[in-house]
Amino acid sequence: MSILVNKNSRILVQGITGNEGNFHAWQMYQYGNNVVAGVTPGKGGEWVFEGKVPVFDSVKVAKEATGANVSVIFVPAHFAGDAMLEAADAGIELIVCITEGIPVRDMMRVRKYLDQKGSKLIGPNCPGLITPSEAKVGIIPGNITMPGNVGVISRSGTLTYEVLYAMMLLGIGTSTCVGIGGDPISGLSYIDLLEMFELDPLTDQIVLIGEIGGTDEQKAADYISRYMTKPVVAFIAGQSAPSGKRMGHAGAIIESGSGTAEEKIKALQEVGVQIARHPEEIAILLNR
Amino acid sequence: MSILVNKNSRILVQGITGNEGNFHAWQMYQYGNNVVAGVTPGKGGEWVFEGKVPVFDSVKVAKEATGANVSVIFVPAHFAGDAMLEAADAGIELIVCITEGIPVRDMMRVRKYLDQKGSKLIGPNCPGLITPSEAKVGIIPGNITMPGNVGVISRSGTLTYEVLYAMMLLGIGTSTCVGIGGDPISGLSYIDLLEMFELDPLTDQIVLIGEIGGTDEQKAADYISRYMTKPVVAFIAGQSAPSGKRMGHAGAIIESGSGTAEEKIKALQEVGVQIARHPEEIAILLNR
Amino acid sequence: MKLHEYQSKKIFDRFDVPIPKGRVANIASEAKQIAEELGGRVVIKSQVLVGGRGKAGGIKLARDPKQAKEFATEILGMEIKGLPVRKILVDEIVDIDQEIYLGITNDRTCRQPVVIASSSGGIDIEEVAQISPEKIFKLSIDPLLGLQDFQVRDIALGIDLKHEYWKQFIKILRGLYRAYLDMDATLAEINPLVITKDKRLIALDAKMIIDDNALFRHPEMMELRDLDVEAPAEIEAQKYGLSYIKLDGDIGCMVNGAGLAMATMDIISQFGGKPANFLDIGGGAGATKVAAALKIILSDPNVKVILINIFGGITRCDEVAKGLLSALADVKTKVPVVVRLVGTNAEEGRELLANANVQTANTLVEAANISVRLSTGGKL
Amino acid sequence: MKLHEYQSKKIFDRFDVPIPKGRVANIASEAKQIAEELGGRVVIKSQVLVGGRGKAGGIKLARDPKQAKEFATEILGMEIKGLPVRKILVDEIVDIDQEIYLGITNDRTCRQPVVIASSSGGIDIEEVAQISPEKIFKLSIDPLLGLQDFQVRDIALGIDLKHEYWKQFIKILRGLYRAYLDMDATLAEINPLVITKDKRLIALDAKMIIDDNALFRHPEMMELRDLDVEAPAEIEAQKYGLSYIKLDGDIGCMVNGAGLAMATMDIISQFGGKPANFLDIGGGAGATKVAAALKIILSDPNVKVILINIFGGITRCDEVAKGLLSALADVKTKVPVVVRLVGTNAEEGRELLANANVQTANTLVEAANISVRLSTGGKL
């Protein structure tokens, strides 16, 4: 078992003929065989990956032809909003947007429309998700994690890999790892995923990787204290970050003293979440 | 029994201090005592009708103070779209818009938003509705109809009065009479109301008053043949209207031969609806 | 409000929809000059607000400026379906490879804007819709979200447009949609949108209809109004907020409410009479409005009798009666007037009329009956 | 991207938000001239991108043009919170009756724009929010529907604005919202929005922050950029798509991914070291980018050691290694470099580095440990 994606997921790649899209779609394709189609407007009719994966002009056509139900988006920021709307309009159930640098104004409209359509969104500005040995949707390297009983949720990209890798070195695998992205407006939240992991029979414990900015970790803490029975281990990045400076992610900024790592750590500790001092320590704190 | 409004309806009048709004709100007030509030932005704090009905600056405030659940709108066309959005946003369940001349672009947006909010709309460009002796919401004169078992649905205004009056002269009353308005984009349709009347225990037969333009009457005929058990009598105005000329209502135009009275009459007759040759004949065709 | 081709093209141009080079002209010598500027070969297109200009000879290709002047003279002297040609559009000729249809209108059923496209452009789209509906591609637009690029691509796919033209097509449809929205159009149409032999997409023809209810947002549009297409009485009626349409019969009608006005015309027809007009005095009509309505009806010399049917709703019958009496006192017509008043303040109204010796009726059937008899020379 | 008050006011003016009469000046004599044009009494406001200008003496009221020049000279010579004052805004003085706060920003929680208003304007709004939250009125805006007039009225009601000012207030908030939307702002703020003694509403101060991610839609904004507020190395970094922030320590960091970069800084701190910077080389960083990053880190003379932590995801480690080696060959620095590479093509990368005698580490803890030791003068 797993959440969101598994070996039956039929994955579509929007932007499959671009440099990054092509590279990562190939990684995904090699990881399993669930990449069923690509979309690049204007390149419909072409084939990629030695003629194994067809490219379509639109998500609608691709979905009709291949039954795709998950779409992962690698198109440039200017076009990413449109790509997400297109996927939702075509009835794609899960949309994973890797693209970073999407304007907030676009994201507010996109999120509202997706909610109306009932499509789930992961990202943008995220590494995607992986259910080891079953489905890799996005850019999380396939060789740094293995199947297991830990659900991982993270706002960060490479920091997550660090954690997955440290876990694997200790023989700990993951049920599903989801990178929810570091932007201020995004799709599924910590709380949405905590709920899914709590209900997932094959997830026994959860890793939550947070960072400075916003109050999502505090809200997650509140949710954990109310509804979670499974143990949670967390790491919050940015304890040494100065306030008022945006640390890369559009969302990672400490504004007038709020959104600090201290606040977040305190909120999580108060509800019984174990806090790791550095990413590799997460693996040590997990039950084996 | 009745549909949509009854003696428990708590009616709010948007535009109560304008000429027409004030005149008709007074008629409504005198008809019963269910006018609980008025709204005119910038005149909050005033009172009308000998200090009996308070005026508020906004629908939200008026609703909180008085528990209004129906709003009737008399504001000028420029502001009517905003007034409908305001009522829906405040959670008003039934919005009745009398105003005519609202741009189609505004109405498309308004209707979409109201659907999202779950508010019902009657109109615009309509006379409103009346449940005789219980609630008069709009401009249908109170003295030309009486309680009874006939449900009336009409796209027209004064033509409806003509029918109600002819019915009353023969001693036939109405359960509820609803003027749905003559605009191309409007709220509740024939079908919505046929469904309500079919379910209403005190409605035994239905009068449908249509006119040239569009295909709503044909759709109603289709619905009648599928779902209606109660008898329907209809009149369609505009048999003598030339094509290509807009007959007053924004929706009343025969475009390239479609939307003619003949088509509509044929569609209704085919599903067993009795057709009156003139408005006064409707009363004669009804069961007494 | 329908716009002329040249007016629509001017709007298209503002919204980055490419149009042929060209200009409007009022006199033939201008056509010659424009043809010279455009390099000789031009098309002369009559600017009248009816369809079928081509078949009527209102569109001609000229091979040089001299011929342009000849054709211009000819076309400017024409009447097409009863309308005089007062203006011509002189456009460059482009070499056409393919003709596409592209239009945006309001969909009553979905209550949303709808884009309609077809690879079979240049001909009557309604005909295409009837004969080969599979050639018509329709796409509904969420009025809150607006037209999105992916939808434009869906439309390009829907009409099998080659990839090489997508970029131009996207720009054109975006522009057309903005024009449709910004101008409160109920129709914005390019028929045909052509692909030229040198691979450009150009709006060869242009048609826009503006929502009359939205003209308050576009005061500049009033200047574009072409009064030729409207009867003077209809223009006069609009000034007073009346809705008047002249017809062929002899029984003048004044009614409050469009539906009731149509029903009144219908019953007159059923009794063998012929209505002289549709006239809706609208809601809340005061004395001035009624007086103006009466004068407008009487401006039609065919009118032998006037039927006034007022059922009070927004309109108060005493106001109607006062307006009527003041108008009657004013025009002093010999045309008999039959009045029926019911509803709000009807009794006060009828009393006022009875005192002034105006013929009244109780029911619509009775009123129609009396009017038809009077119009056929019968006595009461 | 933060805009100066005078830049924000120029934008407000374009969107019909009334601003005081005034102009920006670079030299004191201009201030005198502007004061003369404005009738003598003016306010001289330093244009620096930090709060608390008033308290720092960066805002002064001048009673006549002569004094305007004096104050201008004074303020143009100032530094406020480390930033030199290069421009001043010279505005007319208006007589104030009431001060209001009005701002629009993005609400992360509702994922919608939110209007924030308060009858207590002119002071720090965050302070008001903490001390008297009941004085703050918030209203969320549906991003698909947009700001509606009824909402503007709800806000006017929410701050108890007198009816007589509603018309002006509606126009201002509509304009502010359009400015916020059109400019892709993440903040558009008027503090204070004043009601003058002669009953006009005017935006006395103006603040806008533009979404950096949306600057591609506003190429004209790049000209408004104030490079004073950004360190030269940060500007250089942006050219290469790098995210660099200089800090006080001595361990230079180069990391891919913002989260991992912060975690790397955190672990350095935990081991008693001090990070010299935050540097995220982003996803898909090629050799050129990495070389540029290295040079930027080395431009800081405090840097005693460089920790490079790359976990391959979008980034391919062999590319990183190549970039690193080419950059090291280029700069020939004596600063020791500790590299940790894991992930996509990591082995190839590590091999390349090992061949070139660069210090590598297997874990983040190990890498941080080595770096801290090296920075404190320790040997390996």
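In the text below, chain A, chain B and the rest are named by the order of the sequence lines, each starting its count at 1.
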Chain A contact via Leu145(C) - which portion, at a heavy-atom distance below 4.5 Å:
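Its backbone and side chain both get close to chain A.
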Report every donor-acceptor pair between chain C and chain A with a separation under 3.5 Å, backbone and side chains included.
residue	atom	partner	partner atom	Å
Leu145(C)	O	Arg109(A)	NH2	2.7
Asp149(C)	N	Asp82(A)	OD1	3.2
Phe150(C)	N	Asp82(A)	OD1	3.0
Phe150(C)	N	Asp82(A)	OD2	3.1
Arg153(C)	NH1	Asp82(A)	OD2	3.1
Arg153(C)	NH2	Asp82(A)	OD2	3.2
Arg153(C)	NH2	Glu86(A)	OE1	2.8
Asp154(C)	OD2	Lys60(A)	NZ	3.2
His163(C)	ND1	Gly42(A)	O	2.9
His163(C)	NE2	Asp57(A)	OD1	2.9
His163(C)	NE2	Asp57(A)	OD2	2.7

Select one option (side chain, backbone, both, neither) describing which atoms of Val59(A) are under 4.5 Å from chain C's heavy atoms.
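It is neither, since no heavy atom gets under 4.5 Å.
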